[in-house]
Number of protein chains: 2
Amino acid sequence: MERDWSCDIPEKRLIWAHITSEAIKVIEGKWKIIIICQLFAAKSPLRSSELERRVEGVNQKMLIQQLKQLEADGIISRTLYPEVPPRVEYELTQLGKALGPSMAALIDWALLRRETLSL
Amino acid sequence: MERDWSCDIPEKRLIWAHITSEAIKVIEGKWKIIIICQLFAAKSPLRSSELERRVEGVNQKMLIQQLKQLEADGIISRTLYPEVPPRVEYELTQLGKALGPSMAALIDWALLRRETLSL
DNA sequence: CCGCATCCTAAGAGATACTG
DNA sequence: CAGTATCTCTTAGGATGCGG
């Protein structure tokens, strides 16, 4: 299916609506964007403990939960190094990195919104 | 504040993370994207009853609730015509229309995701 | 160091009936 | 026609303690 957001066909718009909802479902969740941004910023894999430190305010259970969901949704990958003590590293997949433009567009919009509503 | 998503400064990335989370909070909600897309597609104001018909599966309470939130967040505007029976029309604000590029980017990503994960 | 299990609370979603 | 008010049910979020 080829994207044509500007098209005039109402039926097609509805399909985009559902596809977009689907995309949003994957990245919504209290800590997901923060996690994704931290991985973008790090430019390298991060360990659980490191993420827990960098994602301010998150507790371990929530962090793991969100990481598992992100992994299930194909956005990050998890690598276990069988050492003692265990080491686990998370990093963005190609698909995760491909979120860049969407994030940028959302930031642009959020900034416009702040301006518009004088926040 | 100027956006620089590609910057290497971790601290700045975190600010983007929170701004993006903020943006997503505004458009998440089970029916919001559908509503927004319907208003984009209509290219003109829509009445409550018309929206209720077009947003398939929504019930009246949820529709009104989501519309109120979208209005409070500056995305749509509500116009009451003091007739009998009452008529109310909703349409996208400038800020709402400015969501276009973000929606487009998310659709692109969702399509890439479908392809990547063979959905 | 990582992750799981348990238990709890708050918020989201929805069905239904009612009012101006 | 448009919107409220209740009353449920489900899901998300969070605190804490245990185990490999």
Side-chain angles (χ1 to χ4, degrees), chain A residues 17-18 20-39 42 44-73 75-91, chain B residues 17-18 20-36 38-39 42 44-73 75-92:
Chain A
H18 285 98
T20 312
S21 300
E22 197 180 285
I24 290 177
K25 248 190 238 149
V26 169
I27 56 175
E28 76 185 5
K30 192 161 178 185
W31 306 99
K32 289 187 185 171
I33 293 292
I34 315 280
I35 292 170
I36 291 168
C37 283
Q38 283 290 5
L39 289 173
S44 64
L46 290 179
R47 306 182 56 162
S48 300
S49 50
E50 187 56 30
L51 273 170
E52 197 173 344
R53 218 168 310 122
R54 297 193 188 197
V55 179
E56 210 173 336
V58 76
N59 63 38
Q60 200 184 32
K61 184 209 146 191
M62 284 309 300
L63 179 65
I64 302 288
Q65 182 192 96
Q66 305 270 300
L67 287 171
K68 290 188 81 160
Q69 289 175 13
L70 287 172
E71 190 192 1
D73 287 325
I75 292 173
I76 64 174
S77 65
R78 176 184 184 273
T79 310
L80 166 66
Y81 297 91
E83 311 168 349
V84 181
R87 180 162 60 99
V88 175
E89 288 188 344
Y90 294 91
E91 66 184 321
Chain B
H18 285 97
T20 312
S21 300
E22 196 179 287
I24 289 178
K25 247 188 243 152
V26 170
I27 56 175
E28 77 186 4
K30 193 159 177 189
W31 305 100
K32 290 187 186 172
I33 293 293
I34 314 282
I35 293 169
I36 291 167
Q38 283 290 5
L39 290 174
S44 63
L46 289 179
R47 306 180 57 160
S48 300
S49 50
E50 188 56 29
L51 273 170
E52 198 173 342
R53 219 168 309 125
R54 296 193 187 197
V55 179
E56 211 173 335
V58 76
N59 63 40
Q60 200 184 33
K61 183 205 146 193
M62 285 307 299
L63 178 64
I64 302 287
Q65 183 192 96
Q66 305 270 298
L67 286 171
K68 289 187 83 158
Q69 288 176 14
L70 287 173
E71 190 192 0
D73 287 326
I75 292 174
I76 64 174
S77 65
R78 175 184 184 275
T79 311
L80 165 66
Y81 297 90
E83 310 167 353
V84 180
R87 181 161 60 101
V88 175
E89 288 187 343
Y90 294 92
E91 66 184 321
L92 292 173

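Residue numbering restarts at 1 for every chain, and letters A, B, ... go by the order of the sequence lines. Keep in mind that the numbers below use all heavy atoms, side chains included, and drop hydrogens, waters and symmetry copies.
Remark: A:Arg78 is in phosphate contact with C:dG3, judged by side-chain N or O atoms under 4.0 Å from OP1 or OP2. Dashed line: the shortest gap from a side-chain N or O of A:Tyr90 to OP1 or OP2 of C:dC2 is not under 4.0 Å. OP1 or OP2 of C:dG14 sits under 4.0 Å from a side-chain N or O of B:Lys30. Side-chain nitrogen and oxygen atoms of B:Asn59 include at least one within less than 4.0 Å of the OP1 or OP2 phosphate oxygen of C:dA15. Considering only side-chain N and O atoms, B:Lys68 lies nowhere under 4.0 angstrom from the phosphate OP1 or OP2 of D:dG3. Taking 4.0 angstrom as the limit, A:Trp31 places none of its side-chain polar atoms (N or O) nearer than this to OP1 or OP2 of D:dG13. An OP1 or OP2 oxygen of C:dA17 is reached within less than 4.0 angstrom by no side-chain nitrogen or oxygen of B:Lys61.
One can place CD1 of A:Ile64 at 14 Å from C1' of D:dG20, the figure rounded to the nearest angstrom. The CD-P distance, from B:Gln69 to C:dA11, rounds to 13 Å in whole Å. D:dT4 atom P lies 11 Å from atom CD of B:Gln65, rounded to whole Å. We find that CD of B:Glu52 is positioned 9 Å from P of D:dC1, with the value rounded to whole Å. Taking atom CD of residue B:Glu28 and atom C1' of nucleotide D:dA12, one finds them 11 Å apart after rounding to whole Å. One can place OH of A:Tyr81 at 18 Å from C1' of C:dG3, the figure rounded to the nearest angstrom. Rounded to whole angstrom, the span from the CD1 atom of B:Ile24 across to the C1' atom of D:dA12 amounts to 16 Å. Rounded to an integer number of Å, the gap from B:Glu71 CD to D:dG3 P is 9 Å.
In this structure, A:Leu70 and A:Lys32 have side chains that are in contact, with non-hydrogen atoms separated by less than 4.5 Å.
With hydrogens and angles ignored, a donor-acceptor pair closer than 3.5 Å exists between the side chain of B:Gln60 and the base of D:dG3.
Distance from the side chain of B:Gln66 is smallest for C:dA13 among the nucleotides D:dC1, C:dA13, C:dG3. Residue B:Met62 places its side chain closer to C:dA13 than to any other of D:dG3, C:dA13, C:dC2. You'll find that the side chain of B:Arg47 is closest to D:dA2, out of C:dC2, C:dA13, D:dA2.
At least one donor-acceptor pair under 3.5 Å links the side chain of B:Asn59 to the backbone N or O of B:Lys61.
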Using the side chain to side chain contact (heavy atoms under 4.5 Å, CB included) rule, take A:Gln65 and A:Met62 through it: C-alpha gap first, then chi angles, then the decisive distance, then the call.
CA-CA 5 Å; A:Gln65 182 192 96; A:Met62 284 309 300; 3.5 Å; yes
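In summary, B:Glu22 and B:Lys25 do not engage in a salt bridge, as defined by a charged side-chain N under 4.0 Å from a carboxylate O.
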